[in-house]
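Below you'll find the structure, written out as structure tokens, and then a few comments.
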Amino acid sequence: MKRPLALLFCFAVATAATAGPLDEKKAEAHLQAVAAGDVEALMRDYTEDAWMDWVGGPLDGRYRGKAAIREVWQKFAALNDGQPRPAKFGKLAQQAHPKGATLEAAAEYGGKPTIKVWHVLVYRDGELTTEIWQIAPALKVGE
């Protein structure tokens with residue numbers, strides 16, 4: 001009898017550790033900070049050893065560590081003269097495991113220039129460790 005209860009307890013703890021509304025709120029806030037051009041808010045999300053793959057466009061490349069990621073966000077904000085971008089987002093999709101959560105979403109950021117992006121955000125222990133920005137001109141956002 002003790003063994004089934006122990007297994008049930010382990011399952012309950014593992015289930016509680018998976019992603020949920022908190023991770024979704026963090027991802028939504030991150031995307032809103034991108035649209036606002038709020039580099040300081042963006043940087044609060046990342047771990048020190050985070051990395052970002054930006055695929056396509058003038059900022060194409062792999063950025064490792066917070067200093068490199070900060071630089072790319074500053075360049076992105078400068079592309080739109082430091083002004084907020086009107087944005088629309090598709091529904092967040094989430095895959096979760098006790099070790100972390102991956103969230104993905106389509107986004108369209110207006111401004112100079114308008115950019116359509118497929119986002120993948122990986123959270124471990126509640127912090128953003130990996131971000132993939134796939135420039136996707138044919139992406140349908142919010143349809």
Side-chain angles (χ1 to χ4, degrees), residues 4-143:
L5 286 176
L7 289 173
L8 181 61
F9 175 76
C10 288
F11 177 74
V13 169
T15 302
T18 59
L22 179 60
D23 298 300
E24 288 180 10
K25 294 289 184 211
K26 283 185 172 190
E28 289 169 358
H30 186 81
L31 299 179
Q32 290 295 336
V34 170
D38 188 345
V39 175
E40 294 310 313
L42 288 165
M43 296 314 301
R44 286 191 292 270
D45 292 343
Y46 296 101
T47 59
E48 286 300 321
D49 62 346
W51 59 270
M52 178 182 206
D53 269 336
W54 192 298
V55 184
L59 300 174
D60 181 75
R62 176 166 282 177
Y63 303 91
R64 294 181 187 268
K66 284 182 96 167
I69 293 170
R70 175 183 295 281
E71 218 173 287
V72 78
W73 283 126
Q74 289 169 333
K75 289 177 183 177
F76 181 72
L79 288 173
N80 200 47
D81 300 326
Q83 297 301 308
R85 294 173 177 268
K88 64 181 178 177
F89 304 103
K91 184 175 181 191
L92 278 173
Q94 179 181 159
Q95 302 299 321
H97 184 274
K99 298 286 186 179
T102 302
L103 294 103
E104 65 179 91
E108 182 177 311
Y109 299 99
K112 297 182 340 188
T114 294
I115 301 170
K116 292 182 181 179
V117 178
W118 175 65
H119 290 276
V120 178
L121 306 168
V122 179
Y123 290 87
R124 291 182 178 271
D125 297 322
E127 293 185 289
L128 187 55
T129 62
T130 308
E131 182 166 2
I132 299 172
W133 258 62
Q134 173 68 59
I135 304 296
L139 190 65
K140 305 285 187 217
V141 180
E143 295 177 13

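FYI, side chains are in, hydrogens and waters are out, and symmetry mates aren't considered; it's all heavy atoms of this structure.
- For the side chain to side chain contact (heavy atoms under 4.5 Å, CB included) test, residues two or more places apart in sequence or in another chain that qualify with D38 are A33, A36, E40, A41.
- Ion pairing between a basic and an acidic side chain is recognised when a charged N comes within 4.0 Å of a carboxylate O; D45 and K26 show no such pairing.
- Residues V117 and L139 approach most closely at O-CD2, 3.3 Å, considering heavy atoms.
- Nearest heavy-atom pair, L42 versus H30, reported as atom, atom and distance to 0.1 Å: CD2-CE1, 3.3 Å.
- The side chain to side chain donor-acceptor pair (under 3.5 Å) check on K91 picks up nothing, with sequence neighbours excluded.
- Counting only heavy atoms from C-beta outward, the side chains of I135 and V55 never approach each other to under 4.5 Å.
- A distance of 9.5 Å separates OG1 of T130 from CG of L121, quoted to the nearest 0.5 Å.
- Partners of N80 according to the side chain to side chain donor-acceptor pair (under 3.5 Å) rule, which considers only residues two or more places apart in sequence or in another chain, do not exist here.
- Partners of E108 by side chain to side chain contact (heavy atoms under 4.5 Å, CB included), not counting sequence neighbours, listed by chain and number: K88, T114, K116, V141.
- Taking both residues in full, the closest heavy atoms of L31 and A105 are given as CD1-CB, 4.1 Å, listed atom of the first, atom of the second, then distance.
- L103 contributes atom CG, which lies 9.0 Å from atom CD of E28 (distance to the nearest 0.5 angstrom).
- Residue pairs meeting the salt bridge (charged side-chain N to carboxylate O under 4.0 Å, His left out) criterion with at least one member in residues 118-133, sequence neighbours excluded, do not occur.
- Using a 30° and 60° split on the angle between ring planes, Y109 and H119 fall in the perpendicular class, above 60°.
- In this structure, Y123 has no ring pair (Phe, Tyr, Trp, His ring centres under 6.0 Å) partners at least two apart in sequence or on a different chain.
- Partners of I69 under the side chain to side chain contact (heavy atoms under 4.5 Å, CB included) rule, at least two apart in sequence or in another chain, are M43, Y46, A50, M52, Y63, W73.
- The shortest heavy-atom contact between L128 and V122 is CD1-O, 3.4 Å.
- Within the structure, side chain to side chain donor-acceptor pair (under 3.5 Å) contacts touching residues 50-62 (residues at least two apart or in different chains) are D53-R62.
- With sequence neighbours excluded, the residues that form a side chain to side chain contact (heavy atoms under 4.5 Å, CB included) with E71 are K75.
- When all heavy atoms are compared, the tightest approach of A27 to L92 is CB-CD1, 4.0 Å.
- Remark: the backbone N or O of Q95 is not paired with any side-chain donor or acceptor of T102 at under 3.5 angstrom.
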